[in-house]
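See below for the structure under consideration.
Chain identifiers are assigned alphabetically (A, B, ...) following the order of the sequence lines, protein sequences preceding nucleic acid strands; residue numbering begins at 1 within each chain.
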Protein chains: 2
Amino acid sequence: MTRAEAAHAADRPDDGARRIPDRLRRRASRQLSQLTTRSDRLINEGLAQADARKWHYAVLASLQDFGPASQATLSKRTGIYRSDMVGVLNELAERHLVERAPDPADQRRNIITISAQGRRRLRRLDKVLDVLHDELLAPLSPAERDQFMQLLTRLLDHHTQNS
Amino acid sequence: MTRAEAAHAADRPDDGARRIPDRLRRRASRQLSQLTTRSDRLINEGLAQADARKWHYAVLASLQDFGPASQATLSKRTGIYRSDMVGVLNELAERHLVERAPDPADQRRNIITISAQGRRRLRRLDKVLDVLHDELLAPLSPAERDQFMQLLTRLLDHHTQNS
DNA sequence: CGCCATCGTTAGTCGCACTAACGGTGGCGG
DNA sequence: CCGCCACCGTTAGTGCGACTAACGATGGCG
């Protein structure tokens, strides 16, 4: 029995209490969950200081890059459910970052348009996110960050294709 | 205005509806969240078929690798909050996978021990998880999987050290 | 004209991370 | 010895994100 193994004992409150089983550390799913929890917290707190949430960014970016769209289209583009989109757009409209107008050609739809103020906000959020991501990826070299993003994207694409 | 920019139109319901802004695809935090959502769903559904949850695995693995422990110690080792640990241990005890006994040396504590049945279950869950992770990491070569895990772990360690 | 799909909206579910507060117990310093 | 503080397990509740169900209103199509 090695010293490490001997250190398990339930009567050793602090000794090995924080040790994490290898079985867990080897599981990609767990590392992913854990990292995402921390990443989300980092981003949410950072954006909160700019009176924003990550959904705001997703919607503004989508509007900026692809132009005005209905709420349903925005849902598909951002991955936000249309049920939740309602609230997000309320928040954005309150802040005058987007405008919500009925589509004259189809009365079921609203056409969402980004405002000048929305564009400014988007530019600012981009900067904020740059800083936050620099913190998130701090331990990685530029090459490693690229590598990480590439692997991440390949995995995500694979699991997204059937949907 | 480029053709790409011209293609935005709100009146093009399906054309570019599913296109995802580059701004979003470049953000590690977003790719992480998205992938984790899918990963979690995959693992949860897989474990559900074995009448288990990922928390079960974490607790059983911790007990197997480090021996009996108090609930507080298990909390620290698995990352499960002690508030939630109660329910997890109830589920595990119901299934006779662990035993919960008061610590004679300290009446505040329970000593949790893995049972023979628990050990069997752990072995089975390990196999189930192997299969699920193979599906999760399907698009990556063995070398790339190692690389991915290494990058993931370095990031997580960096964001875990202060806590 | 009748049927079905789509749109925005409301409400509600589920899992997970996390906080607050409790009664009970233990350890330690004065 | 005793008073205070830290720790333990437990209960309850919060907040958020993903997701479902159902609605009334509208549109498209056979």
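Between the CD atom of B:Glu45 and the P atom of D:dA18 there is a distance of 16 Å, rounded to whole Å. Taking atom CG of residue B:Leu89 and atom C1' of nucleotide D:dT10, one finds them 12 Å apart after rounding to whole Å. Put simply, CZ on B:Arg38 is 16 Å from P on D:dG17, counting in whole angstrom units. Whole-Å rounding puts the B:Arg53 CZ to C:dG15 P distance at 7 Å. If you measure from atom CD1 of B:Ile112 to atom P of D:dG9, you get 8 Å, rounded to the nearest angstrom. Distance B:Asn110 CG to C:dG26 P: 13 Å, rounded to the nearest Å. Spacing between atom CG of B:Asp103 and atom P of D:dG9 amounts to 9 Å, rounded to whole angstrom units. When rounded to the nearest whole Å, the span between CD of B:Gln34 and C1' of D:dG17 equals 11 Å.
Qualifying side chain to side chain contact (heavy atoms under 4.5 Å, CB included) partners for A:Arg100, counting only residues two or more places apart in sequence or in other chains: A:Gln71, A:Val86, A:Leu89, A:Asn90, A:Asn110, A:Ile112. Applying the side chain to side chain contact (heavy atoms under 4.5 Å, CB included) criterion to B:Ser33, with sequence neighbours excluded, gives A:Thr36, A:Asp40, A:Lys54. Every residue was checked against the side-chain hydrogen bond (donor to acceptor under 3.5 Å, both in side chains) condition with A:Arg30, not counting sequence neighbours, and none meets it. Judged as a side chain to side chain contact (heavy atoms under 4.5 Å, CB included), and not counting sequence neighbours, the contacts of A:Ser83 are A:Tyr81. Residues passing the side chain to side chain contact (heavy atoms under 4.5 Å, CB included) test with A:Asp22 are A:Arg25, A:Arg26, sequence neighbours excluded.
Side-chain N/O atoms of B:Asn44 include none lying less than 4.0 angstrom from OP1 or OP2 on C:dC14. Close to C:dT6, at under 4.0 Å from its OP1 or OP2, lies no side-chain N or O of A:Gln71. For B:Arg109 and C:dG26, the shortest distance from a side-chain N or O to OP1 or OP2 is not below 4.0 Å.
Annotation: proximity of residues 79-88 of chain B to DNA chain D (heavy atom, distance under 4.0 Å) is found for B:Arg82, B:Ser83, B:Val86, numbered in ascending order.
Taking only side-chain atoms of B:Ala72, from C-beta outward, the nucleotide of D:dC8, C:dG8, D:dG17 with the closest atom is D:dC8. Nearest to the side chain of B:Thr37, among C:dA17, D:dA18, D:dT10, sits D:dA18.
Annotation for A:Glu91: atom CD counts as buried by contact number, over 12 foreign heavy atoms lying within 6.0 Å.
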Could you pull out all donor-acceptor pairs under 3.5 Å where a side-chain atom in residues 142-151 of chain A meets a protein atom, sequence neighbours excluded?
{"from": "A:Glu144", "atom 1": "OE1", "to": "A:Ser141", "atom 2": "N", "distance (Å)": "2.8"}
{"from": "A:Glu144", "atom 1": "OE1", "to": "A:Ser141", "atom 2": "OG", "distance (Å)": "3.3"}
{"from": "A:Glu144", "atom 1": "OE1", "to": "B:Arg154", "atom 2": "NH2", "distance (Å)": "3.1"}
{"from": "A:Glu144", "atom 1": "OE2", "to": "B:Arg154", "atom 2": "NH1", "distance (Å)": "2.8"}
{"from": "A:Arg145", "atom 1": "NE", "to": "A:Leu137", "atom 2": "O", "distance (Å)": "3.3"}
{"from": "A:Arg145", "atom 1": "NE", "to": "A:Leu140", "atom 2": "O", "distance (Å)": "2.9"}
{"from": "A:Arg145", "atom 1": "NH1", "to": "A:Asp134", "atom 2": "OD1", "distance (Å)": "2.9"}
{"from": "A:Arg145", "atom 1": "NH2", "to": "A:Leu137", "atom 2": "O", "distance (Å)": "3.3"}
{"from": "A:Arg145", "atom 1": "NH2", "to": "A:Leu140", "atom 2": "O", "distance (Å)": "3.4"}

Less than 3.5 Å apart, which donor and acceptor atoms pair up between the side chains of residues 117-125 of chain B and the rest of the protein, not counting sequence neighbours?
{"from": "B:Arg121", "atom 1": "NH1", "to": "B:Ala50", "atom 2": "O", "distance (Å)": "3.2"}
{"from": "B:Arg121", "atom 1": "NH1", "to": "B:Asp51", "atom 2": "O", "distance (Å)": "3.4"}

I'd like a list of close polar pairs between nucleotides 26-30 of chain D and the protein, N/O only, cut-off under 3.5 Å.
{"from": "D:dG27", "atom 1": "OP1", "to": "A:Gln107", "atom 2": "N", "distance (Å)": "3.0"}
{"from": "D:dG27", "atom 1": "O4'", "to": "A:Arg108", "atom 2": "NE", "distance (Å)": "3.4"}

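Taking CG from A:Leu74 and CG from A:Leu92, the interatomic distance works out to 9.5 Å, rounded to the nearest 0.5 Å.
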